[in-house]
Asks: 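Okay, here's the structure, questions in a sec.
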Amino acid sequence: MCRFIWWPLLLLLPPLLLLPSIREVQAQVDNGVIFLPGTFQNVNISQNETVEAVVSRIPPEAAFISLQFHTQHRNVTLSYTQVPTQDLSLTAADTGLLSALQVNQVSLSFFLSSPYGDSVTGTGVVFVYSSTAPVPGACNLESNLDIDPNVYIHYNIYETSIRFAPANLGYARGESPPVCDESTEPSTRWRLQYDVYQYFLPENDLSERSLLGGVRAVADMDGIMANGRRVMTLSSSDTTTAVFNSIPGQGVLYTVVVRDPLLNTSAAYVPVHTYACSFASTLDSCETLGKISTKLFFTIAGLAGLFVCFFGHHFFKCELFCMGFSFAAFFFFVLITRTTDLDYNIRLTLAAVIGVVGGVILVMSWWRFGSVMACVVVVGLILGFLVASTVLFTPLGDLDVFRRSNVVFWLTFSCIVIIVPLFFMRWPREGNITTCGIVGGYAVVLAVNAYVYTSLSYITMNILKRLLNSNFSPMFTDVPFQTIDYIMITVWVVLGAGGIVLQIYREHSRPFFPPSPYLTWLQERERRRTNVLDPSHHFPPLFDRVFARLRQLTKRVEPAGEHTPLLL
């Protein structure tokens, strides 16, 4: 009978043994949270409190512990001590600390707090490294931390730059770290190599869930190599910096993996993210990205582009006005931006006004002089600009010869721009119709981009940024292609091909170009003067007719004859 009494107790024994483990991985209890190596843990930092992050179950072969913590846009202070000090803490949205373990050490504590006293929620993870793995940021000479495994990021509307501290060789517990700059022999840290990785978050997704999912995907070395895209490899003799293209509103994660080619080991720096915009700004934040003036400008441009795409050649004056507007507005926007510090809305308004003047000048030059080829050359230069921008938007533009040399880049760009109008000399009508279809279709793409982000806008945006910023040359110009981009490519191709085919079909039996109105008026006036059979030949000149009409208004003309009633 006793046997049967003990059986239920034996069945309950395993769950009771597991209770300490379950309690150990609870999210947060009494301002404390327990981290297990390699396990992500969500942490809520309440107002004006400090959360102790305890790292337990450290394996005996581990020599270093790295704790990283991530939030979307709120800063968090991660510290070695409960009271943060400048040399023992770091404040950022993506923070990380690395600690060398002592002999027989099996646990470690870090402290999390909010620097501004508000509540913050984020996710953290702990990684362990052996004594043979490189130590990220162990040769730090820039920040206050002795070991700084963080990647620091800075962005503006043109570029996003990252920098990190050099790493050092690993060492066992209780030993002294190797000297960083004693020599450059292969036995020192100078043999280390750094792989810079890039990971794009889903487009148009500014949610915290999306960011934390991306952090989980590239937090460790396996995830980085499986999901990230390696964009460059730096040696220890290179500067530990990299510059990329800013994509406002697009979430991007950057991280660095340091490799020891001799021991075939590696370690990861703390990933850092950016949206190239601010969540805190009330005027132009990430949620309200895109100014009203920009949306209005490109909406009108898109409607005009749609008209030019299908009817541009038939309504030649309207096409010339749109092309002249584009040419003048782009040129003077660059000029105003580089020479003044005016507000963006003012610069855009001035560029639009000058664009109207440029469009009128181009139309009037054709109206007065009738030189179709001169106008078509301007149209060809616009198509050449778009073709050159598209060519250098492809992976061809990522070649080192283009990234490192402005001379080579602009020489190649100018050659493509000039070559395209040469085809207009032989086939002017076909070239003009082709320009209407391609440029008009791309104007529609830009109008859509004002409301829904698409990477195709950076075909011309990259050129504009490079013109406005002298330091754009070493930047990467590749952007992620996702579903919306393939849809917009299809829309562009359909609009361009449809507009070209329709206009060629409609214009094949008509004159190549409409005649100049001024030259036509001169010919008509000369014909009326010489053709006595033309009734208009006997009409007085326009000035005499207008003067006679004005004289009638001020002086009554007496009848010349006698008027009598009609006799029945």
Side-chain angles (χ1 to χ4, degrees), residues 73 92-94 142 150-165 194-201 203 206 228-234 238-256 269 271-281 284-286 289-291 294 330 333-334 336-341 344 347 388-389 392-410 412-413 449 453-481:
H73 59 88
D94 300 285
E142 297 183 4
N150 295 275
V151 178
Y152 295 91
I153 194 165
H154 176 75
Y155 72 87
N156 55 33
I157 62 173
Y158 306 113
E159 65 183 14
T160 298
S161 61
I162 64 172
R163 63 177 178 86
F164 53 94
Y194 304 88
D195 294 331
V196 180
Y197 283 85
Q198 188 181 52
Y199 178 80
F200 288 100
L201 300 176
E203 289 184 6
L206 301 177
R229 174 177 175 267
R230 187 175 63 180
V231 293
M232 66 168 59
T233 298
L234 302 174
D238 296 327
T239 57
T240 54
T241 59
V243 186
F244 302 87
N245 187 22
S246 287
I247 310 174
Q250 170 65 53
V252 188
L253 281 160
Y254 297 97
T255 188
V256 179
Y269 283 74
V272 63
H273 76 279
T274 180
Y275 294 92
C277 57
S278 172
F279 280 85
S281 174
D284 191 19
S285 65
C286 294
L289 193 63
K291 295 180 179 292
T294 303
F330 183 88
F333 182 82
V334 173
I336 294 171
T337 303
R338 289 193 68 98
T339 56
T340 66
D341 295 326
Y344 171 80
R347 284 183 279 128
S389 302
L392 295 175
F393 180 75
T394 63
L396 180 65
D398 286 337
L399 297 178
D400 289 341
V401 66
F402 294 125
R403 291 196 301 110
R404 300 183 184 278
S405 176
N406 275 328
V407 175
V408 175
F409 179 88
W410 290 118
T412 305
F413 183 86
N449 179 78
Y453 169 81
T454 171
S455 299
L456 296 184
S457 63
Y458 282 86
I459 292 177
T460 53
M461 191 69 69
N462 286 335
I463 304 300
L464 178 60
K465 290 182 178 182
R466 194 157 187 163
L467 285 170
L468 297 178
N469 187 8
S470 302
N471 298 323
F472 189 81
S473 56
M475 297 171 57
F476 287 87
T477 57
D478 59 328
V479 288
F481 265 66

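Because only heavy atoms are used, hydrogens play no part in the values below, and waters and symmetry mates are left out as well, while side chains stay in.
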Asks: What is the minimum heavy-atom distance between A276 and S246, and which atoms define it?
Replies: CB-CB, 4.2 Å
Asks: Under 30°, 30 to 60°, or over 60°: which ring-plane class applies to F164 and Y194, parallel, tilted or perpendicular?
Replies: tilted
Asks: Do S455 and Q250 touch side chain to side chain, with heavy atoms closer than 4.5 Å?
Replies: no
Asks: N245 versus K465: any side-chain heavy-atom pair under 4.5 Å?
Replies: yes
Asks: Atom CZ of F333 and atom CG of L464: how far apart are they, to the nearest 0.5 Å?
Replies: 6.0 Å
Asks: One pair to check against side-chain hydrogen bond (donor to acceptor under 3.5 Å, both in side chains): Y344 and T294. What are the steps and the verdict?
Replies: CA-CA 10 Å; Y344 171 80; T294 303; 2.6 Å; yes
Asks: F244 pairs by side-chain contact (heavy atoms from CB on, under 4.5 Å) with which of I153, V252, V196?
Replies: V196
Asks: Rounded to the nearest 0.5 Å, how far apart are CG of L253 and OG1 of T274?
Replies: 10.0 Å
Asks: Answer yes or no: is there a side-chain heavy-atom contact under 4.5 Å between S278 and Y155?
Replies: yes
Asks: Under a 3.5 Å distance rule, please check whether S457 uses its side chain to pair with a backbone N or O of T454 as donor and acceptor.
Replies: yes
Asks: At what distance, to the nearest 0.5 angstrom, does CD1 of I162 lie from OH of Y269?
Replies: 11.0 Å
Asks: Got a second to check how far Y152's OH is from T241's OG1, nearest 0.5 Å?
Replies: 15.0 Å
Asks: Taking the side chain as every heavy atom from C-beta outward, state whether L201 and Y275 have any pair of such atoms under 4.5 Å apart.
Replies: yes
Asks: Parallel, tilted or perpendicular, judged at 30° and 60°: which one describes the rings of F409 and F413?
Replies: parallel
Asks: Answer yes or no: is there a donor N or O on one side and an acceptor on the other, between the side chain of R466 and the main chain of W410, under 3.5 Å?
Replies: no
Asks: Can you tell me how far apart OG1 (T240) and CD (E142) are? Round to the nearest 0.5 Å.
Replies: 6.0 Å
Asks: Shortest non-hydrogen contact from P248 to Y458?
Replies: CD-OH, 3.0 Å
Asks: When rounded to the nearest 0.5 angstrom, what is the spacing between CZ in R338 and CG in L468?
Replies: 7.0 Å
Asks: Do you know which of V151, T255, V272, N150 makes side-chain contact (heavy atoms from CB on, under 4.5 Å) with D94?
Replies: V272
